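In what follows, a structure is listed as structure tokens, so that the remarks can point back to it.
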Amino acid sequence: MEHADPAEVERPDADDLALDGNAAAGELESLFGPGATVSLATCAHCGTEQAVARLGTWSRGPGLVLRCCACGRVAIRLVRAPTVLHLDLNGVTRLRIPSGGR
Ligand SMILES: [Zn+2]
């Protein structure tokens with residue numbers, strides 16, 4: 001019996017749907033300010049801290065899905081509807097956003 005690599009199972013099947021985290025920059029900056037894409041996200045699944053711009057982004061479907069670059073699991077889901085923005089940060093335990101303070 002074959003054992004699938006769990007990391008592979010969690011990934012979307014088509015890599016060509018992957019964008020980089022900067023693809024989500026506009027949406028994230030509208031929420032968190034201009035430092036959003038250089039902010040650091042800690043993965044809730046594997047604990048890896050990485051720049052939001054490094055999160056793999058998939059745009060198929062009604063919104064954006066950002067995945068951990070280490071384990072491939074979902075970090076952030078973002079869906080903009082006409083009257084509401086849905087933001088799911090369930091896959092992130094911490095988001096460190098530069099505030100630009102001096
Ligand atoms: Zn992870």
Side-chain angles (χ1 to χ4, degrees):
M1 187 195 309
E2 281 189 13
H3 293 279
D5 179 354
E8 289 298 317
V9 172
E10 292 288 338
R11 290 176 193 280
D13 18 321
D15 280 345
D16 60 354
L17 293 172
L19 311 166
D20 71 47
N22 285 319
E27 292 285 10
L28 293 173
E29 286 178 353
S30 74
L31 294 170
F32 299 118
T37 52
V38 295
S39 62
L40 297 173
T42 302
C43 178
H45 309 288
C46 72
T48 299
E49 186 178 62
Q50 59 210 289
V52 167
R54 289 198 61 209
L55 296 172
T57 305
W58 283 262
S59 61
R60 186 166 70 176
L64 295 170
V65 175
L66 282 75
R67 290 177 176 267
C68 174
C69 66
C71 72
R73 297 175 76 176
V74 174
I76 299 172
R77 288 190 183 93
L78 196 156
V79 178
R80 186 177 288 282
T83 59
V84 67
L85 177 68
H86 299 270
L87 181 63
D88 176 352
L89 293 170
N90 218 17
V92 174
T93 56
R94 183 174 60 180
L95 202 54
R96 290 202 290 153
I97 304 168
S99 65
R102 298 172 190 219

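The structure presented is a predicted model; accordingly, all values stated were derived computationally and were not measured. Values reported hereafter were calculated over all heavy atoms of this structure, with side chains retained and with hydrogens, waters and symmetry mates removed.
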Nearest heavy atoms of [X] and [Y], plus distance in Å:
X     : Y     : answer
Gln50 : Cys68 : NE2-SG, 3.2 Å
Ala75 : Val92 : O-CG2, 3.5 Å
Pro98 : Gly35 : CD-O, 3.6 Å
Leu95 : Ala41 : CD1-CB, 3.7 Å

- Exam field: side chain His45 to backbone Val74, donor-acceptor pair closer than 3.5 Å: yes
| message | Strictly distance-based, threshold 3.5 Å: is any side-chain N or O of Arg67 a donor or acceptor partner for the main-chain N or O of Gly72? | response | yes
Within the structure provided, determine whether [X] and [Y] are in side-chain contact (heavy-atom separation under 4.5 Å).
X     : Y     : value
Arg80 : His86 : no
Cys71 : Thr48 : no
Val52 : Leu28 : yes
Arg94 : Cys43 : no

To the nearest 0.5 Å, atom CZ of Arg73 lies from atom CG of Asn90 at 11.0 Å
The reported gap from CG in Leu64 to CD in Glu27 (rounded to nearest 0.5 angstrom) is 6.0 Å
Sequence neighbours excluded, the answer for side-chain contact (heavy atoms from CB on, under 4.5 Å) partners of Ala51 is Leu40, Arg54
Residue set satisfying side-chain contact (heavy atoms from CB on, under 4.5 Å) with Leu87, at least two apart, ordered chain then number -> Leu31, Phe32, Ile76, Leu78, Leu89
